[in-house]
*Asks:* 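Before I ask anything, let me first share the structure, which is written out below as structure tokens.
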2 protein chains.
Amino acid sequence: MKVTINEIAKEAGVAKSTVSRYLNGGRISPRTSEKIRRVVEAHNYEPNSFARSLKSKKTGFIGVVAPALDSFVTSKILIKIDEELRATGFTTLIINTSHSIDRELESLQNLQRQKVDGMILFATEITPAHLELFSELTIPLLVIGQEAKRTHCIVFDDYQAGYEMGKYIASAGHADISYIGVHEADEAVGQRRKQGVKDGCKDHGAETFSFFESGFDFNSAIAAAGKSLAETASTALICATDTIALGAMRVAREKGYRIPEDLAISGFGGYTVSEMIHPSLATIAFNYQETGSLAARTIEKMIQSEPVDFLQRPGFSLRPGESIKGKK
Amino acid sequence: MKVTINEIAKEAGVAKSTVSRYLNGGRISPRTSEKIRRVVEAHNYEPNSFARSLKSKKTGFIGVVAPALDSFVTSKILIKIDEELRATGFTTLIINTSHSIDRELESLQNLQRQKVDGMILFATEITPAHLELFSELTIPLLVIGQEAKRTHCIVFDDYQAGYEMGKYIASAGHADISYIGVHEADEAVGQRRKQGVKDGCKDHGAETFSFFESGFDFNSAIAAAGKSLAETASTALICATDTIALGAMRVAREKGYRIPEDLAISGFGGYTVSEMIHPSLATIAFNYQETGSLAARTIEKMIQSEPVDFLQRPGFSLRPGESIKGKK
DNA sequence: CTCCTTTATGGAACCGGTTCCATTTTTAGA
DNA sequence: TCTAAAAATGGAACCGGTTCCATAAAGGAG
């Protein structure tokens, strides 16, 4: 419990520097090595990580800053990151900012002060303040979810994912389509995903494409989808996330639409629950496992100063569901 | 960035011990205090937390061991714990064991070695190995979710919650009720919750009470609920979790039952998604916020060696839903 | 069996704080 | 104004490791 390197050294009859060398894989004669091994094992000795970090300047910590812990996407990626980093001897320090941009910036600075070896940021929006902070950072930083100039990023191919979904819906015979999206401050989802959906629809026979803005939450989705149903004659609602799609389903049902007969609905995200409900939701499932392990490997490379591409894109796949029926 | 207490001391013209005292609230004359404050602020100085921990034996870390990060219940409680601990200057070290009992035990030991100030365990099952480990621990430990002898625990009142639900369903006029539960290795959910449901049903007019065992996952829920529908004439299915209830809904619908007209279904957990779907799910919502902050306050007290009750129970409330209709 | 080169080992300084103790400065009581 | 007690400060040891450097032991060539 409280045994130190000094006691190990004394008991093994060697200098503490020798024990330190033994622990860190330095050159040791087989004889001494064996002596030390015995004592270490007898006491179940583990070096004090604080003393170790103090001198070596390496903490073995990787900070992960996320806007929420109860988000499907975040938790899936996080789990994988944590798993892989643990396997290579790092400890993930998870910081939850509860969607506060200020706490996000503050957390990055704190992590830098705490001297973590690297940090990963789950970004929803990149503000000028972010960019300024990024440029001052002396510790490797990896951003997930949004693109930023001169910064290492892992971002889903939102344009392509949107395009596939637009194509899928339009090809199913829908000519009048509404997209329930989010604010364009979120470049990835608010801009690129939307543009992809729009292009995919237009390129595959859709005549009308209407846009309604929602937040990421259920209630604002209900409002936005309600507005869409009142103002358009769309036969399909493409929603920017699965949660928004659930809101759309709710309001559609309340207004008497049958899904998918009267109205097709789709989402993005591939949440587990989307296949558990009825009708199951057609959606785009991003490859979260791949994302997580890519992130872990990337930050490790960055720490070792190995070269890494600034932009990396994990894959995705379209997951069909009962919420859409071919019309042809 | 790399400024140390020595440089601060030199620049302020005092001894480093004085700076240390200033930082930790010791007695300092207003004059010196002001001098030091200036220099500290000019450099944006932050003491090295490793050096600090090394000598003071306090790390400011609290380890939290959880079987999963993508669980609704865990994440809700975790967020609150993290928030409260952060406010009082602690850092939560979140460890995910991916449901492995071995990794759970191992993690507790690692945390002890890492010299965290306290630890919190989200338990699903207390094995003899757990009890043995608990007794060897020299660091405050708080268990959430299960009861253990001579250990500080925060546990939902599963019996009472079960009783309320049983009463609610039976009182609605259901005489033949099935309970889709989980294995009794999980004392809280597998034993107490089940017994509560049973007693609640029996005490309020139910004639038949059948039990079917499921796992916590969607697919085994489908199997168990399917079996129940095939083998009984139950008009209500009480499920041990909301996820299980979703499985029951799926299989019921496939077999042509209308919910709630032909079959009432309820869950436990109060997941967010349960009120987003149709029909919305009647469920028991435990007070997760309360649980989280209770846990944070409790572990802090334990660290300060203040007395705390061994067993504490956060509240819950029954949340009605469209999945149940009064029959009378 | 020397002498020189490697390889092992020990000793000491150092990392950046905290804390105990001795010394100096203030404050206050007489 | 002098003195004792309280408050403030400085100095040094210490926390538990890592690492540099010097020395000792071992290995190899001649």
Side-chain angles (χ1 to χ4, degrees), chain A residues 1-40 43-61 89 91 110 112-117 138-139, chain B residues 1-40 43-61 89 91 110 112-117 138-139:
Chain A
M1 181 63 2
K2 36 177 28 178
V3 49
T4 75
I5 197 173
N6 285 294
E7 324 192 41
I8 298 292
K10 192 162 58 180
E11 197 165 324
V14 298
K16 63 195 262 193
S17 51
T18 306
V19 178
S20 175
R21 238 171 268 125
Y22 165 85
L23 294 169
N24 297 290
R27 323 189 134 306
I28 301 277
S29 76
R31 223 181 1 263
T32 20
S33 181
E34 175 60 19
K35 277 193 303 186
I36 298 176
R37 193 186 59 71
R38 276 199 152 69
V39 184
V40 165
H43 290 71
N44 215 321
Y45 167 73
E46 281 279 330
N48 178 315
S49 53
F50 295 96
R52 177 172 275 192
S53 300
L54 178 57
K55 179 72 180 183
S56 70
K57 306 287 189 191
K58 300 231 170 277
T59 62
F61 279 116
T91 300
N110 284 340
Q112 162 136 302
R113 289 214 189 85
Q114 291 226 11
K115 308 197 191 316
V116 298
D117 293 343
T138 57
I139 291 173
Chain B
M1 183 63 359
K2 33 176 34 176
V3 49
T4 76
I5 198 174
N6 285 295
E7 324 192 41
I8 298 292
K10 193 162 58 176
E11 199 165 322
V14 299
K16 63 194 261 195
S17 49
T18 305
V19 177
S20 175
R21 238 172 269 125
Y22 166 84
L23 294 169
N24 296 290
R27 327 186 131 306
I28 301 279
S29 75
R31 223 181 0 263
T32 349
S33 181
E34 175 58 20
K35 278 194 302 186
I36 299 176
R37 193 185 58 71
R38 276 199 152 71
V39 183
V40 165
H43 289 71
N44 215 321
Y45 167 72
E46 281 280 330
N48 180 315
S49 52
F50 295 96
R52 177 172 277 191
S53 301
L54 178 56
K55 177 70 179 181
S56 69
K57 305 288 188 189
K58 300 230 169 277
T59 62
F61 279 117
T91 300
N110 284 340
Q112 163 136 300
R113 288 214 189 86
Q114 291 227 11
K115 307 196 193 313
V116 297
D117 293 342
T138 56
I139 290 173

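Lettering follows sequence order; numbering is per chain, from 1.
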*Asks:* For Asn6(A) and Arg31(B), take the nucleotide of DNA chain D holding the closest heavy atom to each; which residue's nucleotide lies nearer the 5' end?
*Replies:*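 So the residue in question is Arg31(B).
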*Asks:* Need one value for Tyr45(B): base, sugar-phosphate or nothing, where a base atom within 4.0 Å counts as base even if backbone is also close, heavy atoms only.
*Replies:*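 Since only primed, P, OP1 and OP2 atoms lie under 4.0 Å of Tyr45(B), the category is sugar-phosphate.
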*Asks:* Contact class for Ser29(B) (heavy atom, under 4.0 Å): base, sugar-phosphate, or nothing?
*Replies:*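 Here Ser29(B) touches the backbone only, sparing every base.
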*Asks:* Round to a whole Å and report the spacing from CD1 of Ile5(B) to P of dA12(D).
*Replies:*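 These atoms are roughly 16 Å apart.
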*Asks:* Are Phe61(A) and Phe61(B) close enough that their ring centres sit under 6.0 Å apart?
*Replies:*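 Yes - the distance between ring centres of Phe61(A) and Phe61(B) falls below the 6.0 Å cut-off.
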*Asks:* Tyr22(A) has an atom OH; how far is it from atom P of dG10(C), in whole Å?
*Replies:* 15 Å
*Asks:* Indicate the atoms forming the closest heavy-atom contact of Ala15(B) with Ala9(B), along with that distance.
*Replies:*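 It is C-CB, 3.8 Å.
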*Asks:* In whole Å, I'd like the distance from the NZ atom of Lys55(B) to the P atom of dT18(C).
*Replies:* 11 Å
*Asks:* How is Thr32(A) classified with respect to the nucleic acid when contacts are heavy atoms under 4.0 Å: base, sugar-phosphate, or nothing?
*Replies:*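 Here Thr32(A) touches the backbone only, sparing every base.
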*Asks:* Nearest-Å distance, NZ (Lys57(A)) to C1' (dG17(D))?
*Replies:*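 From Lys57(A) NZ to dG17(D) C1': 13 Å.
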*Asks:* Go through the N and O atoms of the side chain of Ser20(B) and the base of dG17(C), and report whether any donor-acceptor pair is under 3.5 Å.
*Replies:* no
*Asks:* Let me spell it out: for each of Lys16(A) and Ile28(A), pick the nucleotide of DNA chain C with the closest heavy atom. Which residue's pick is nearer the 5' end?
*Replies:*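 Looking at the nearest nucleotide for each, Ile28(A) comes out on the 5' side.
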*Asks:* Between Pro47(A) and Leu23(A), which heavy-atom pair has the shortest distance, and what is it?
*Replies:* CG-CD1, 4.4 Å
